[in-house]
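This structure is a prediction, so every number in the text was calculated from the model and none was measured.
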Amino acid sequence: LIKKHERAIEILEAIESFQRQKQRCIESANSYQDWLPELAKKCRNDADTKQRCIDRLHLKHLKLTKAIAESYSVKPETEKA
């Protein structure tokens, strides 16, 4: 269970990292737009790729947190006849 918690934290840290990288790509695309449009296009593409990575990581994190929550839930005992 501890490993699941550690993994969830690692996923959140990865999401933060990709968000920072995406923001840098967007800033670069905006600054290159006027004088290097091809490079700006590449930067926007990179930002889109980073967003897809973020989306996948969010799904992984959601799945993992559901598994963690389920492991804490109390399961009713079966009735003995």
Are Leu59 and Ile9 grouped together when hydrophobic residues (ILVMFWY) are joined by side-chain heavy atoms under 4.5 angstrom apart? no
Atom [atom1] in [X], atom [atom2] in [Y]: separation rounded to 0.5 Å?
X     : Y     : atom1 : atom2 : answer
His5  : Ser71 : NE2   : OG    : 6.5 Å
Arg7  : Leu12 : CZ    : CG    : 10.5 Å
Ile2  : Ile68 : CD1   : CD1   : 11.5 Å
Ile15 : His58 : CD1   : NE2   : 4.5 Å
Leu39 : Ser31 : CG    : OG    : 8.0 Å
Asn45 : Lys50 : CG    : NZ    : 10.5 Å

Give the minimum heavy-atom separation between [X] and [Y], together with the two atoms involved.
X     : Y     : result
Ala8  : Leu64 : N-CD2, 3.4 Å
Lys4  : Ala67 : NZ-CB, 4.2 Å
Ala40 : Gln33 : CB-OE1, 3.6 Å
Ile11 : Leu57 : CG2-O, 3.5 Å

Do [X] and [Y] come close enough that some side-chain heavy atom pair is under 4.5 Å?
X     : Y     : value
Lys41 : Arg44 : yes
Lys60 : Arg56 : no
Ile54 : Gln51 : yes
Cys43 : Tyr32 : yes

With salt bridge (Lys or Arg N to Asp or Glu O under 4.0 Å) as the test, would you mind laying out the steps for Lys42 and Asp46 before giving the verdict? CA-CA 6 Å; Lys42 182 188 178 310; Asp46 288 348; 3.0 Å; yes
Using atom types as modelled and distance alone, determine if a side-chain donor or acceptor of Ser17 lies under 3.5 Å from a backbone N or O of Glu13. no
